[in-house]
Structure formats: structure tokens, C-alpha cells
Amino acid sequence: MRTGFIWDERFAWFHTGLDRRPTPLYQPVPALDTRETKERIRELLVATGVADKLVSVPPVMATEEDLLRFHTPEHVAKVRSISERGGGDTGEGAWIGPNSYAIVKLSAGAVATGLSAVLDGNVDNIYVLSRPAGHHATSNLARGFCVLGNIPIAILRAQAEKKLRRVAVFDWDVHHGNGTQDAFYSNRDVLTISIHQAGNYPPGSGPLEDNGEGDGLGLNINVPLPPGSGHGAYLETMDRVVLPALHAFQPELIVVASGLDANVMDPLARMMCYSETYREMTRMLKRAARELCGGRLALCHEGGYSAVYVPWCALAIMEELAEIKSGFKDPSMDRFAAWPYQELQPHQADVIGKAAELVARVRI
Ligand code: ZN
């Protein structure tokens with residue numbers, strides 16, 4: 001198994017500044033999107049020896065032409081200009097530091113590089129640990145730590161280069177993948193599925209009813225799970241919604257918007273997943289990719305704000321992706337797995353059942 005891995009030191013240099021609250025009576029703290037949540041993934045992979053067994057793929061920066069397949073010229077000009085002026089908010093909660101324009105283009109380019117590496121057959125599958133994230137950015141608005149739509153930019157480039165037509169994007173970040181949904185809402189060639197905590201972020205975004213339109217009708221599936229959903233609810237969603245939808249659509253590539261913030265330690269959400277949840281979901285996706293598209297699977301990093309626990313979730317994913325046993329066990333897993341309410345609850349099953357009804361609308 002040749003599993004690719006993309007990381008670049010410059011992603012750690014990306015600067016999100018301080019957490020900003022509209023009051024002077026609040027001691028400033030660093031924004032929750034920190035370099036540690038990414039660097040510590042890389043460090044755990046190195047320390048456990050897993051990194052040695054991965055194929056390191058150098059990211060290539062996205063061009064303005066790449067950006068403009070998805071974003072408006074005004075959006076690109078705004079990000080560049082704020083970067084040149086020394087930094088600021090590029091939208092709604094998407095702060096960048098000085099000279100960040102190069103890094104946001106590198107993050108989008110890393111995802112595009114990752115998709116190419118899989119589509120060209122240089123690796124069997126890949127994890128792109130890029131920063132900043134992208135799944136909240138729309139064509140003309142940066143928000144929620146996301147400046148550019150990394151995944152739409154990468155898919156549109158792969159399609160322009162005729163490497164790809166039909167692709168499925170599965171977003172397991174705990175927040176709704178609104179940017180990816182918007183990008184392909186009326187597109188018959190891209191299936192988008194998002195599992196998220198109902199209404200968490202963007203506020204109210206990602207209801208069951210948003211099911212695509214026009215040529216894309218039926219090809220956007222949202223699963224807005226109740227807060228408190230854990231291992232049982234996530235695996236049930238995989239079994240009843242995600243895997244059947246992928247089989248109905250038959251993509252040429254499966255892309256995962258891999259936010260690791262549905263874990264039980266995350267400060268920005270209230271879900272209960274743990275490392276084994278991610279391991280099992282990765283195993284299911286690998287099997288689906290093998291059955292549907294020659295194993296082609298690209299996981300692209302999004303959110304995840306617990307510096308303590310995100311790395312263990314990532315380690316489980318990488319072990320499964322690369323079929324490696326590092327021998328290092330997540331020290332918290334048994335405790336989290338034993339918490340009551342990890343199993344599927346009736347009110348969670350109600351939502352999953354409604355989402356499962358949407359699978360019948362997915363078509364080739
Ligand atoms: Zn998130």
C-alpha cells in the first residue's frame with residue numbers, strides 16, 4: 001500500500017492571530033485554530049515510526065488560474081490585498097497574517113497536488129495535512145478559519161485537466177461543509193455528503209432539506225446529527241447513508257473533508273467520537289473506494305481544535321489508510337469508548353433514518 005502524506009512547514013507559519021471578542025474586558029487568547037493541532041499530528045506520526053512508511057509528496061502552490069475556477073476575482077484580490085497590507089480578516093472569522101497569500105495558495109495547492117498524486121497513480125491513497133482549512137469558504141466569502149475552497153479548487157482543476165469527471169466529497173468535519181455544498185449544489189458530476197452537528201457552524205447551516213438543485217438535485221446529502229452523537233451514531237450513518245450513497249453514485253475518486261473535530265475533546269463542538277471511530281470510518285471508506293474506484297481515496301484536513309486528542313485520531317486514520325500497525329495505543333480510548341451514550345440513541349436514529357431516505361435520489 002503506497003499511502004501519500006503532504007505536509008509543509010509553512011502551514012505552521014500560517015497566522016490566525018487572536019481570538020477576537022467584541023469587548024475590551026476579555027483577556028485576548030490565541031485563536032482556536034493553532035499550529036499545534038497540525039504539527040502534533042506530524043510529530044506523533046514521526047514518533048511512532050508511521051511517517052517513515054508514508055510517501056512524502058511535496059505540495060505545489062495553486063495558481064491564480066486555479067483559484068479563479070472557483071472564486072470570484074474580487075475575493076482573490078481581497079485576500080491578496082489584505083495579505084500585502086499586513087493581515088486582517090478576509091471575511092467572517094477568517095484572519096490571516098502578513099504575507100499569508102502564499103500560504104493559502106499553498107494549502108489549496110496541496111489538496112490539488114494530493115488529488116493528482118492519487119489520480120496519476122503515484123500513490124494508492126493520501127492524507128493532505130494542509131492549513132488553512134477550506135470547507136466553509138464560498139466563491140466570494142471567507143469564513144470560519146477558511147480562506148479558499150481547497151477541495152473545490154482541487155476538483156475543478158482535476159476536471160479541467162481531464163483527470164476526473166465524477167467525484168464524491170464526504171465531509172466528516174463536525175461543522176457543515178457549506179462551501180463544498182455551495183460549489184457543487186447544481187452539479188451532476190459531484191456528490192457532496194456532510195455529517196455534522198446540527199446547526200453548529202455556520203449557524204443553522206446544513207439541514208436535511210438542502211438536497212441539491214437542477215442537475216445536482218439529490219446529489220447533496222446533509223446528516224445534521226444531534227449534539228452528543230458518538231461512535232454508534234457515526235457508524236450507523238456510514239452504514240445507512242454514506243456507503244449506500246457512494247455505491248449509488250459510483251465516483252471515480254472519493255475525497256474526504258477530514259476535520260477531526262467530532263472527537264470528544266473538541267472545544268468547538270459537542271460530539272463524542274474517539275480514535276477508533278475514525279479508524280472504523282476509514283476502514284469503511286477504503287473498502288468502498290476499493291469496490292468503486294480502484295481504491296482512489298484522498299483525505300484532506302479541515303478542522304480539529306484539541307491539540308491533545310486530534311493527533312490520536314489522525315494516527316488511527318493513517319494506520320488504517322496505510323495498513324500499518326504502529327503498536328502505539330491511544331491512551332484515552334478505552335475511557336472514551338466506555339462512556340454511556342456512545343451507542344446509537346433513538347433520537348439520533350430518527351435523523352439518520354430521514355437521511356437514509358435521501359439515498360434513493362442519488363443517481364449516476
Ligand atoms: Zn470543523
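Atoms within a ligand are numbered from 1 in the order they appear, just like the ligands themselves.
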Are any of the side-chain nitrogens in Glu43 or Arg40 under 4.0 Å away from the carboxylate oxygens of its partner?
no
Of all N/O/S atoms in His175, the name of the one nearest the Zn ion (ligand 1):
ND1
Can you classify the ring geometry of Tyr274 versus His231 as parallel (below 30°), tilted (30 to 60°) or perpendicular (above 60°)?
parallel
Indicate whether any N or O donor in one side chain lies under 3.5 Å from an N or O acceptor in the other, for His175 and Asp261.
yes
Kindly give the atom name of the N, O or S atom of Asp261 closest to the Zn ion (ligand 1).
OD2
Can Arg42 and Glu39 be counted as an ion pair, charged N to O under 4.0 angstrom?
no
The Zn ion (ligand 1) is nearest to which N, O or S atom of Asp173?
OD1
Can you tell me if His135 has an N, O or S atom under 2.8 Å away from the Zn ion (ligand 1)?
no
Hey, is the Zn ion (ligand 1) within less than 2.8 Å of some N/O/S atom on Glu302?
no
How long is the span from the CZ atom in Phe170 to the OG1 atom in Thr180, to the nearest 0.5 Å?
12.5 Å
